[in-house]
Amino acid sequence: MTPSSKIYAPNVYLFAFHPCNALESQSNSPVEFASLWQKCDEILQTKLAVSSKFYDSYFHKKDEPVGRRVNLIDKSKVNGRNSLAFAKEIMVDNQPIPVKGFVAPMRIDDSYALGLQIRIPEKDGDVKTADVDVSIFKQFNPDNCLLPDFVQSYFGQTLLITAKQSVEPNQEAREDSQFIKKLGKQCLENLISGDNLPDFCRQGELFGSPILEYGDLSQPDSYCHVIIWFFNSATTDDIWDETRYSDFMDLFLYRNKILRADQDSRKLYAVIREEYKHIQLDIDKTFDYLERDRAQQRQSKGAGLNEEELEYLETQMIKLPQRAVKYARMLSDLQFCENTIAINAQNYQDKLNQISLDIKACKKYNDSDADLSFLATFGTQNCPQFQRQIQADLGYFQHGSGLLDKAMEAIRGVVSIEEAYRDAKLEVTIQAVGFGLGVAGVVAGGAPYLIKQDAPDRKFYLPLLTNVEIHPFVLVLLISLGAGGAVWFVFMFGIKIKQLLPKIKQQLPPFR
């Protein structure tokens with residue numbers, strides 16, 4: 001054990017968050033609301049092997065008290081405490097070391113919040129506990145049971161590690177500007193087994209003590225948020241109390257909700273981008289379909305859409321509105337993500353302001369003790385970046401809704417023109433048939449007067465078929481139908497010539 005690797009009274013805090021109601025933007029999301037409590041019970045019973053039973057100590061959903069911020073511990077089962085306490089001993093170098101902790105399940109607004117602490121107390125009874133090596137953290141996180149892959153909380157989690165530096169002489173190490181960073185890395189490597197350690201993010205100071213943050217926001221699939229905070233100031237000990245713990249619970253809830261909304265927005269972006277591409281391709285396909293050589297053929301022949309084309313457009317008129325609604329829902333979900341980030345970013349800043357005011361209200365602290373810039377960076381830099389990205393996405397993809405609206409309007413216009421064209425064509429045909437039938441009726445009425453009235457027994461024969469007798473009534477009928485058909489043909493021919501004349505004039509060279 002080297003002096004630089006020794007710490008005193010280490011603590012590991014797990015802050016994990018989960019929805020307690022169906023999410024507005026994902027009403028069909030298969031989220032198990034009680035899974036966070038089940039994981040906690042598994043951590044205590046299976047991984048940490050403590051005797052306290054978490055499952056029987058909290059209010060289940062149907063028995064939960066009402067309120068915005070509710071402690072879900074059933075105090076009647078934990079001796080009136082606000083949390084479930086546990087204790088055990090571990091052996092290190094053949095020496096027993098006491099380990100204590102607590103579990104505090106809560107409901108904050110629409111979310112469940114799990115607070116789990118594992119620590120070596122500063123005193124065992126009246127006896128000060130000994131310094132321990134950073135390897136003690138291996139005992140706090142067996143099988144990586146405190147990491148996101150195991151806890152699987154929907155909104156995410158934060159691990160906060162606190163420890164005091166050893167009081168043993170270590171002047172050479174303390175003069176090293178990288179001492180805190182190296183010590184933090186040692187703690188992290190012992191807490192998390194394996195090669196997938198979160199990347200170092202930044203270093204700062206909070207309440208007068210150095211603090212380190214780990215986790216790369218650009219890698220959401222493997223993101224693990226860890227904060228290591230070394231208490232080397234009496235001010236830090238004084239400020240960090242039960243109230244600040246509760247404040248940090250709120251801060252980490254807002255933070256993780258923001259990150260979850262940003263991750264959801266990136267997934268939505270990928271889906272909407274693909275849908276936007278398909279919308280553009282389908283709209284281009286629709287109008288390319290209409291603008292093929294058939295258009296020139298229709299123009300030269302004076303014909304409208306054929307049945308296949310009309311059926312295709314009518315199908316598109318049914319599909320496009322459904323697609324527009326689906327696309328609008330996607331944009332609405334993206335807008336929901338932006339709203340979620342905006343609301344929780346404001347809540348985050350409000351909580352920071354409250355903490356700062358509380359510290360300043362105690363006259364014994366100076367301004368640097370109330371400096372929360374390390375925590376404020378997330379709200380002032382990351383959150384605006386998330387919001388700007390979503391706003392840019394919405395501004396770009398909203399054109400897709402406009403494209404769909406214009407495409408539906410254009411298709412409705414084409415179909416309406418085609419229906420009007422067909423109605424007009426049908427009207428002309430009806431007029432021609434009516435005119436022909438009228439002429440046929442007139443001819444039929446006058447035909448008996450055109451036929452010479454001979455003896456009643458006179459017989460009529462078909463031309464060229466002198467042996468085929470025809471009745472006078474049939475003869476009159478044939479004459480009237482022939483006359484009507486001839487008139488119909490002449491009428492329709494005239495209409496056709498009238499339609500073709502403008503196109504013929506367009507094709508003729510200009511007269512000089």
Side-chain angles (χ1 to χ4, degrees), residues 13 15-19 23-25 68-69 106-113 115 153-160 201-209 211-218 220 223 225-227 229 235-236 239-266 334-362 365-394:
Y13 298 90
F15 300 87
F17 309 98
H18 207 65
L23 302 177
E24 293 180 23
S25 62
R68 176 193 171 275
R69 187 184 184 89
M106 298 188 67
R107 190 186 70 240
I108 305 175
D109 292 328
D110 60 351
S111 306
Y112 286 133
S153 53
Y154 182 84
F155 289 126
Q157 66 173 63
T158 293
L159 278 173
L160 172 63
C201 178
R202 59 199 177 96
Q203 180 176 346
E205 191 172 282
L206 184 63
F207 303 156
S209 292
I211 189 169
L212 308 166
E213 184 175 19
Y214 299 84
D216 188 352
L217 291 174
S218 65
Y223 181 68
H225 187 223
V226 180
I227 293 177
W229 193 6
T235 300
T236 313
I239 294 177
W240 180 250
D241 56 14
E242 187 174 341
T243 300
R244 294 290 85 83
Y245 172 84
S246 178
D247 290 338
F248 272 51
M249 176 73 80
D250 290 343
L251 284 174
F252 292 143
L253 170 61
Y254 303 142
R255 186 184 196 279
N256 280 281
K257 276 191 168 184
I258 290 169
L259 293 179
R260 177 69 199 203
D262 179 65
Q263 293 169 14
D264 289 344
S265 74
R266 296 306 87 211
L334 193 58
Q335 182 70 60
F336 181 85
C337 291
E338 183 190 9
N339 294 340
T340 299
I341 291 174
I343 292 170
N344 286 282
Q346 186 61 54
N347 291 340
Y348 188 88
Q349 186 59 50
D350 291 345
K351 179 58 68 172
L352 288 177
N353 293 339
Q354 177 193 328
I355 295 172
S356 180
L357 289 174
D358 288 348
I359 295 174
K360 290 178 179 179
C362 298
Y365 303 125
N366 55 43
D367 291 340
S368 63
D369 295 330
D371 181 9
L372 304 178
S373 58
F374 181 84
L375 297 173
T377 299
F378 177 76
T380 57
Q381 295 184 12
N382 298 109
C383 292
Q385 179 184 352
F386 298 153
Q387 291 174 278
R388 286 194 299 269
Q389 183 61 62
I390 296 178
Q391 289 166 0
D393 295 341
L394 285 170

**Request:** Start with the C-alpha distance between Asp250 and Arg69, add both sets of side-chain angles, then the distance that settles salt bridge (Lys or Arg N to Asp or Glu O under 4.0 Å), and finish with yes or no.
**Result:** CA-CA 10 Å; Asp250 290 343; Arg69 187 184 184 89; 2.4 Å; yes

**Message:** What verdict does the side chain to side chain donor-acceptor pair (under 3.5 Å) test give for Gln335 and Glu338, after you've listed the backbone C-alpha separation in whole Å, the side-chain angles of each residue and the deciding distance to 0.1 Å?
**Reply:** CA-CA 5 Å; Gln335 182 70 60; Glu338 183 190 9; 2.9 Å; yes

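The minimum heavy-atom distance linking Ser356 with Leu372 is given by the pair N-CD1, 3.8 Å. Across all their heavy atoms, Asp369 and Ile239 have their closest contact at O-CD1, 4.2 Å. Contact between Asp264 and Cys337 at its shortest, heavy atoms only, is CB-SG, 3.9 Å. When all heavy atoms of Cys201 and Gly215 are compared, the pair lying nearest together is CB-O, 3.8 Å.
With hydrogens and angles disregarded, no donor-acceptor distance shorter than 3.5 Å links the side chain of Ser209 to the backbone of Glu205. Checking side-chain atoms of Tyr254 against main-chain N and O of Ile341 turns up no donor-acceptor pair under 3.5 Å. Within the 3.5 Å criterion, the main-chain N or O of Thr340 finds a donor-acceptor partner in the side chain of Asn344. Asp109 contributes no side-chain N or O that, together with a main-chain N or O of Ser111, makes up a donor-acceptor pair within less than 3.5 Å. The main-chain N or O of Ala376 is never found under 3.5 Å from a side-chain atom of Ser373 such that the two would form a donor-acceptor pair.
A distance of 10.5 Å separates CD of Gln354 from CD1 of Ile359, quoted to the nearest 0.5 Å. One finds the CZ atom of Arg244 at 13.0 Å from the OG1 atom of Thr236 (value rounded to the nearest 0.5 Å). Atom NE2 in His18 sits 13.0 Å away from atom CG in Leu253 (nearest 0.5 Å). Note that OH of Tyr112 is 7.0 Å distant from CZ of Arg107, once rounded to the nearest 0.5 Å. A distance of 8.5 Å separates CG in Asp371 from CG in Leu206, rounded to the nearest 0.5 Å. Between atom CD of residue Gln263 and atom CG of residue Leu217 there is a gap of 9.0 Å, rounded to the nearest 0.5 Å.
Residues Cys383 and Ile258 meet the side-chain proximity criterion, which asks for heavy atoms closer than 4.5 Å. Taking the side chain as every heavy atom from C-beta outward, Tyr154 and Phe17 never approach each other to under 4.5 Å. The closest side-chain heavy-atom distance from Phe15 to Gln157 is not below 4.5 Å. At a threshold of 4.5 Å between non-hydrogen side-chain atoms, the residues Tyr13 and Tyr245 count as touching. Counting heavy atoms from C-beta on, the side chains of Ile390 and Phe386 never come closer than 4.5 Å. For the pair Ile227/Tyr214, no side-chain contact is recorded, criterion being any heavy-atom separation below 4.5 Å from C-beta on. Between Phe155 and Leu259, every side-chain heavy-atom pair lies at or beyond the 4.5 Å cut-off. Side-chain contact between Met249 and Ile108: present, with at least one pair of heavy atoms (C-beta onward) separated by less than 4.5 Å.
Under the 30°/60° scheme for interplanar angles, the aromatic rings of Phe207 and Trp229 are found to be tilted.
Seen from the ring of Phe374, Arg202 counts as a face-on cation partner, given the 6.0 Å and 45° thresholds.
Counted by atom type alone, His225 and Thr158 present one or more donor-acceptor pairs between their side chains at under 3.5 Å.
Under the 4.0 Å criterion applied to side-chain N and carboxylate O atoms, Lys360 and Asp367 are not assigned as salt-bridge partners. A salt bridge links Asp393 with Arg266: at least one charged nitrogen is closer than 4.0 Å to a carboxylate oxygen. Looking at Asp110 and Lys257, a side-chain N of the basic residue comes within less than 4.0 Å of a carboxylate O on the acidic one, giving a salt bridge.
The 12-atom threshold is exceeded at CG of Asp241, counting heavy atoms of other residues, nucleotides or ligands nearer than 6.0 Å.
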